[in-house]
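Shown next, in structure tokens, is the structure this report addresses.
The residues of the chain are indexed from 1 along the displayed sequence. Because the structure is predicted, anything quoted here is derived from the model rather than measured.
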Amino acid sequence: MPTTLGDIARALNVSKMTVSRAINNHPEINPETRARVLAAAQKMNYRPNQFARALTSKHSYLIGIVVPDLMHSYFAEICRGVESQARPAGYQNLICSTDEEARKELDEIEVLWTRTDGLIVASSLTANEAKSYRKLLNEGGKIVLIDRLLDGLRCPAVTTDDVQVGKLATEHLIELGHRKIGHLRGTSASTSQGRLEGYRQAMSKARLRLDKSMVHDCGFTESDGRTAMKEWMAKGNLPTAIFAANDPAAIGAMEALHDAGLDVPKDVAIVGAGNIHYGDMLRVPLTTVSWSTAAMGQAAAQLLLELIDGHNSAPKFRNVTIPPELVIRHSCGAVKQ
């Protein structure tokens, strides 16, 4: 038999009305009581009747999540974080992957917009392409950005400190004695811009030359990293260390170096960003900069639920920043294999 509101009420010795209000985020419910109810609902695998709720509340109780790449464990973990917060509140997720393609993202948004109560988006659009989101916001749409910002878009967001990500990675390589440090730059996303700025700040602080030839265009996939690294090797002038914009790009670069007979980290040290789940299981475990993807997803879900329910007493456009930290493994040369 499926769990009912009455089952949860009896388990907690509260009224059925209290359980209903807690699950629906009613403003008169004490936060501690709501937390107890949601925890019990999740533990007892409570599943609300979506159709009945939609008819009575005019909500779909669906959240749309748009990410660039579900094959990338980073975004899969973010989606799980969203689900862990949204599901106990009675919401289910519709997840779309855009493959970093602007047209595909716009198509997915158009479909999700009419079927969901709100959207959580890791956008691949440029600021100039974001007019569709501005239109949705002007029409009362509920949107929370995650991982990436869009200049001029006034809505809540959850990110890490990408400038700090770049600084942590580059400063670590400098501390290891490297002076010729390169950077594999990501896409046009705000994450790439911030991490490039962090790289530049760390190099400048150490009074190391900022050589344009040491920054190569790349992308965010393993294929991007592999291709960029092959092109770099063909041109010559390799650095002794490289900070890649994210872990997949770093892994692709390491594969290209290995195929060319070069040793990581002896010939070229590598640091990535994002701490994808298999980074510690590679032939050469990857040094990276990490932050909690679960916390990002949970924070984004909470911000969106507050917008949907209209109970957000915090500033409407507040950003949540999840702090990054360095994770040292073999690929930087600081740990002996």
Side-chain angles (χ1 to χ4, degrees), residues 24-27 50 53-70 75 78-79 81-83 85-86 89-162 187-194 296-322:
N24 288 287
N25 203 19
H26 195 281
Q50 296 293 115
R53 295 181 74 200
L55 287 172
T56 58
S57 66
K58 297 183 180 180
H59 285 307
S60 68
Y61 291 94
L62 295 173
I63 288 174
I65 306 176
V66 180
V67 296
D69 184 5
L70 275 174
F75 289 108
I78 283 177
C79 290
V82 173
E83 183 181 32
Q85 189 74 19
Y91 286 80
Q92 294 180 342
N93 299 337
L94 296 179
I95 304 172
C96 297
S97 179
T98 65
D99 300 320
E100 299 280 4
E101 295 179 14
R103 183 67 262 169
K104 191 172 181 180
E105 178 177 332
L106 292 171
D107 289 343
E108 299 290 8
I109 289 297
E110 185 175 348
V111 171
L112 289 173
W113 167 241
T114 60
R115 291 167 169 79
T116 63
D117 292 333
L119 302 173
I120 294 174
V121 183
S123 181
S124 299
L125 303 184
T126 65
N128 291 334
E129 295 170 323
K131 60 183 180 181
S132 295
Y133 288 117
R134 283 190 284 273
K135 181 181 178 182
L136 291 182
L137 290 170
N138 289 336
E139 293 175 358
K142 310 296 191 300
I143 300 173
V144 174
L145 297 178
I146 194 164
D147 184 64
R148 307 168 178 194
L149 299 174
L150 286 171
D151 287 342
L153 201 66
R154 293 176 57 79
C155 63
V158 181
T159 62
T160 189
D161 184 338
D162 287 300
T187 67
S188 61
S190 64
T191 47
S192 301
Q193 298 169 23
M296 289 183 80
Q298 290 163 3
Q302 186 58 45
L303 287 174
L304 184 58
L305 292 176
E306 290 172 357
L307 288 176
I308 292 170
D309 296 330
H311 302 147
N312 191 351
S313 59
K316 188 175 182 181
F317 306 118
R318 70 185 175 102
N319 290 358
V320 174
T321 303
I322 308 298

Return the minimal non-hydrogen interatomic distance between G90 and Y61, and the atom names on each side. O-CB, 3.6 Å
Apply the test side chain to side chain donor-acceptor pair (under 3.5 Å) to residues Q302 and Q298: give CA-CA distance (whole Å), side-chain angles for both, the deciding distance (0.1 Å), then the verdict. CA-CA 6 Å; Q302 186 58 45; Q298 290 163 3; over 6 Å; no
Set out, in order, the CA-CA distance, both residues' side-chain angles and the distance that settles side-chain contact (heavy atoms from CB on, under 4.5 Å) for T160 and D162, then state yes or no. CA-CA 6 Å; T160 189; D162 287 300; 3.5 Å; yes
Minimal heavy-atom distance between I146 and A300, with the atoms involved, is CD1-CB, 3.7 Å
Stepwise, does the side-chain contact (heavy atoms from CB on, under 4.5 Å) test hold for I63 with T116? CA-CA 5 Å; I63 288 174; T116 63; 5.9 Å; no
Minimum side-chain heavy-atom gap W113-E139 below 4.5 Å: yes
Spatial distance of atom CG (L94) from atom CG (L119) [nearest 0.5 Å]: 10.0 Å
Candidate pair E129 and S124, rule side-chain contact (heavy atoms from CB on, under 4.5 Å), full reasoning: CA-CA 9 Å; E129 295 170 323; S124 299; over 6 Å; no
How long is the straight-line distance from CG of L303 back to CD1 of I120, given to the nearest 0.5 Å? 8.5 Å
Side chains of L307 and P156, heavy atoms from C-beta outward: is any pair under 4.5 Å? yes
Is there a donor-acceptor pair closer than 3.5 Å between any side-chain N or O of Q193 and the backbone N or O of S188? yes
Using side-chain heavy atoms (C-beta onward) and a distance below 4.5 Å, is R148 in contact with P68? yes
To the nearest 0.5 Å, what is the distance between CG on L153 and NZ on K131? 14.0 Å
More than 12 non-hydrogen atoms from neighbouring residues, nucleotides or ligands closer than 6.0 Å to CD on E101, yes or no? yes
Taking the side chain as C-beta and beyond, is there a heavy-atom pair between N319 and L149 under 4.5 Å? yes
Output the distance between atom CD1 (I109) and atom CD1 (I143), rounded to the nearest 0.5 Å. 6.5 Å
Can you tell me how far the CG atom of D107 sits from the CG atom of L112, to the nearest 0.5 Å? 11.0 Å
Is T98 reaching over with its side chain to a backbone N or O of K104, donor-acceptor style, under 3.5 angstrom? no
How about I65 and V67: do any of their side-chain heavy atoms sit closer than 4.5 Å? yes
Quick check for you: to the nearest 0.5 Å, what is the distance between S132 atom OG and L106 atom CG? 4.5 Å
Pair Y133, L145 - check side-chain contact (heavy atoms from CB on, under 4.5 Å), show working. CA-CA 11 Å; Y133 288 117; L145 297 178; 5.8 Å; no
Report yes if the side chains of I78 and V158 come closer than 4.5 Å at any heavy-atom pair, otherwise no. no
Do the side-chain N and O atoms of E105 and S123 include a donor-acceptor pair separated by under 3.5 angstrom? yes
Do L304 and Y91 come within less than 4.5 Å of each other through their side chains, counting heavy atoms only? no
Got C79 and L70 here, is their nearest side-chain heavy-atom distance under 4.5 Å? yes
Is atom CG of N138 surrounded by more than 12 heavy atoms (other residues, nucleotides or ligands) closer than 6.0 Å? yes
Distance-minimising heavy-atom pair for A299 and V320: CB-CG1, 4.1 Å
